[in-house]
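Input: a single structure, listed below in structure tokens.
Here the structure is a predicted model, which is why all the values come from computation and not from measurement.
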Amino acid sequence: MAGHMLTRGPKAFEEVPQLSGFMKPCRYEGEVRNLEVIGQIPKEINGTFYRVMPDPQFPSRFSNDPWFNGDGNVSAFRFEDGSIHFKQRYVRTEKFLREREAGKALGGKYRNKYTDAVAFTVRTTANTNIFYFNGKLLAIKEDAPPYSMDPKTLETEGLYDFNGQLPCTTFTAHPKIDPTTNELVCFGYEAKGDGTPDVCYMSVSPDGQFNETVWMVAPVVAMIHDFAVTENWVLFPLIPHTCDVERMKNGGDHWQWDPTIPFYIGVLPRRGAKGTDVKWFRAPNSFPGHTANAYEDESGNLIFDLPCSRQNVFWWWPDAEGNAPNPMDIRDPMVRFTIDPRSDNLDITSEVIANVDCEFPRIDDRWATKDYTYCFVLTMDAKLTDFAAISPQMGGGFPPYNGIAKLNVKSGQMVSYFAGSKRLFQEPIFIPRSDSAPEGDGYVVMLVNNYETMASELHILDTNNFEKAVAIVNLPLRLRHGLHGNWVAKQELDLVV
């Protein structure tokens, strides 16, 4: 009997929470102009909101791969005269291109080159942040140099080493811009390769020339995902996830939670320092979240604000005995460390300034490094979400947040926005109403997961009337949970040739 022979295509993605429901890989590239808007986009919003998500183009070679281990897929939302246009492109990393040619995954476990099917020159997925500096749009993951992309077309231009000046093999996913000097302040950890305790601090002038390079040695080989900058100091919070190369060579994870070590915060003079000038302050074992801000008070003490948990927030990387917390039990209150950088007493503690479960803090970046008042932060109040209804479509792996608060860090007062019992929020960004607007006066924009429509939305909030969205933008597709993004004003993009 005649018939058709079936040809087998690439294998299907594994049916695990981090690859299912809203977290199923999107694998979309393209553009959609004139997105549907409910309400009205304020005319002052002119520029582009960039964000990036881990989005694997092929199923992993390993079972139960963490959601972090996906190819970088960059979204650009261009706001122009009350309209909004959407474009999305993968970062053409070496890994992405070689896998596309092979038609299957070649990379191995998260940040473990010993599990790869082939040897990569640079194996990064460039999937953690998308950051604009000196006319370059930089797709970054903290295991390698950035990839440069055209900020208008999202075409990948190639690895970017600051014209040969980058001295280390890694680069932070959270570089900072000093709003006074316009310097780029940055660093790399595991800066001489996997499992090395070396940290390299750098500052870069607005035109891309390196001003400072300082090599330090950390007390443990640990993750330094984010950091903080004041006018005269740099602070490096070490997450107690540690790396062991022998474990990696045996097929294990790059990271393992260590509940026995302190939470270290390295404090280094920002200018003219040597590596031996760093002081490693010690706090009780905890997991530092993304930093809100840091500044110097009148006494010369460093004020350092961030969400912080006493539990392992990255629970998918347990401790040596396999212990990990229940994700729904993890809480991250907003805490403040007050550090005297001149002190020889390296033991410090924190105080809670907002007893709310929160993460992904964003400030008015014009107040970075300075005494500030406002922080916009995602929050979770589990009783407000209908988890019974949305759980079958949520997917997993990411920390869920169902609200956003405008937090006054001086008074502790919060005003919150809640979008309903079947929506969860992704990281917000802040856009000033104008260059001369007071601190925190402007708009907050964030992606929202709608589990009824299984599509994404952009919600736009006016910070002067925070409890109701001024506009909701409907996307005709689903964008899985992303990591980080940033706003670039139109006048900056107009300078790009």
Side-chain angles (χ1 to χ4, degrees), residues 111 122 124 126 128-131 133-134 136 138-147 159-162 164-178 181-206 208-243 255 263-281 288-294 302 304 306 339 341 365 368-369 483-484 486:
R111 290 186 68 173
V122 178
T124 187
T128 309
N129 204 352
I130 186 78
F131 191 88
F133 174 69
N134 191 29
K136 299 288 186 181
L138 304 179
I140 316 171
K141 183 180 171 187
E142 59 212 44
D143 60 354
Y147 269 84
L159 274 171
Y160 185 67
D161 63 0
F162 295 85
Q165 298 177 91
L166 187 66
C168 50
T169 63
T170 60
F171 188 83
T172 176
H174 285 284
K176 313 291 184 187
I177 298 287
D178 183 319
T181 65
N182 290 320
E183 291 171 276
L184 181 75
V185 185
C186 48
F187 73 100
Y189 72 92
E190 290 186 279
K192 293 182 180 179
D194 291 340
T196 60
D198 306 275
V199 180
C200 185
Y201 157 70
M202 299 156 280
S203 71
V204 187
S205 65
Q209 297 302 306
F210 274 51
N211 296 326
E212 304 271 350
T213 300
V214 181
W215 285 90
M216 301 163 279
V217 177
V220 290
V221 183
M223 183 187 299
I224 316 177
H225 178 63
D226 201 355
F227 77 127
V229 182
T230 73
E231 182 181 357
N232 297 296
W233 300 89
V234 190
L235 297 89
F236 302 96
L238 273 64
I239 299 174
H241 272 283
T242 58
C243 174
W255 297 121
F263 163 32
Y264 289 102
I265 301 176
V267 176
L268 179 76
R270 186 170 153 187
R271 299 177 181 87
K274 304 183 298 294
T276 53
D277 293 330
V278 67
K279 290 184 178 180
W280 294 100
F281 289 85
H290 294 95
T291 64
N293 200 12
L302 309 182
F304 181 28
L306 73 168
I339 303 172
D365 287 331
T369 77
L483 291 170
H484 301 294
N486 292 283

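Put simply, the side chain of Y147 does not reach to within 4.5 Å of the side chain of I140, judged on heavy atoms. T172 has its side chain out of reach of Y189: every pair of non-hydrogen atoms, C-beta onward, lies at least 4.5 Å apart. Residues F210 and S203 form no side-chain contact, since every pair of their non-hydrogen atoms from C-beta on lies 4.5 Å or further apart. In this structure, F131 and L184 have side chains that are in contact, with non-hydrogen atoms separated by less than 4.5 Å. Residues L159 and V122 have side chains in contact (heavy-atom distance under 4.5 Å, counting atoms from C-beta outward). A 4.5 Å side-chain heavy-atom check between V229 and D178 finds every atom pair outside the cut-off. Between V221 and H241, every side-chain heavy-atom pair lies at or beyond the 4.5 Å cut-off. Residues N211 and V204 form no side-chain contact, since every pair of their non-hydrogen atoms from C-beta on lies 4.5 Å or further apart.
When all heavy atoms of L238 and F263 are compared, the pair lying nearest together is O-CD1, 3.4 Å. Of all the heavy atoms in C168 and T170, the pair that sits closest is SG-O, 3.1 Å. Pairing each heavy atom of T213 with each of C200, the nearest pair is CG2-SG, 3.7 Å. In terms of heavy atoms, G193 sits closest to T169 at N-OG1, 3.6 Å. Summarising the geometry of Y201 relative to V234, their closest heavy-atom pair is CE1-CG2, 3.6 Å, with the distance given to 0.1 Å. Nearest heavy-atom pair across P237 and I224 is O-CG2, 3.5 Å.
For F304 and F281, the ring centers sit 6.0 Å or farther from each other.
By the 4.0 Å N-to-carboxylate-O rule, E183 lies close enough to R270 to be salt-bridged with it.
In this structure, K192 satisfies the cation-pi test against W215, with its NZ or CZ atom closer than 6.0 Å to the six-membered ring centre and inside 45 degrees of the ring normal.
D198 contributes no side-chain N or O that, together with a main-chain N or O of A191, makes up a donor-acceptor pair within less than 3.5 Å. At least one donor-acceptor pair under 3.5 Å links the side chain of K279 to the backbone N or O of P341. A donor-acceptor contact shorter than 3.5 Å is absent between the side chain of D365 and the backbone of A368.
Atom CG of L268 is separated from atom CG of L235 by 9.5 Å, given to the nearest 0.5 angstrom.
A side-chain donor-acceptor contact under 3.5 Å links D143 and T124. Checking N129 against N486 by side-chain atom types alone, a donor-acceptor pair falls below 3.5 Å.
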| Full working for side chain to side chain contact (heavy atoms under 4.5 Å, CB included) between F171 and L166 | CA-CA 9 Å; F171 188 83; L166 187 66; 3.8 Å; yes

| request: Mind running side chain to side chain contact (heavy atoms under 4.5 Å, CB included) on R111 and M223 for me, showing each step along the way? | output: CA-CA 12 Å; R111 290 186 68 173; M223 183 187 299; 5.8 Å; no

| Checking ring pair (Phe, Tyr, Trp, His ring centres under 6.0 Å) for the pair H225/H484: CA distance, chi angles, key distance, verdict? | CA-CA 12 Å; H225 178 63; H484 301 294; 5.6 Å; yes

| From CA spacing to verdict: side chain to side chain contact (heavy atoms under 4.5 Å, CB included), T181, E231 | CA-CA 10 Å; T181 65; E231 182 181 357; over 6 Å; no

| query | Going through the checks in order, is the side chain to side chain contact (heavy atoms under 4.5 Å, CB included) test met by M216 and F236? | reply | CA-CA 11 Å; M216 301 163 279; F236 302 96; 3.8 Å; yes

| field | ring pair (Phe, Tyr, Trp, His ring centres under 6.0 Å) assessment of F187 paired with F227 | value | CA-CA 9 Å; F187 73 100; F227 77 127; 4.7 Å; yes

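For Y264, there are no ring pair (Phe, Tyr, Trp, His ring centres under 6.0 Å) partners at least two apart in sequence or on another chain.
Applying the salt bridge (charged side-chain N to carboxylate O under 4.0 Å, His left out) test to pairs two or more places apart or on separate chains, none has a residue in residues 208-224.
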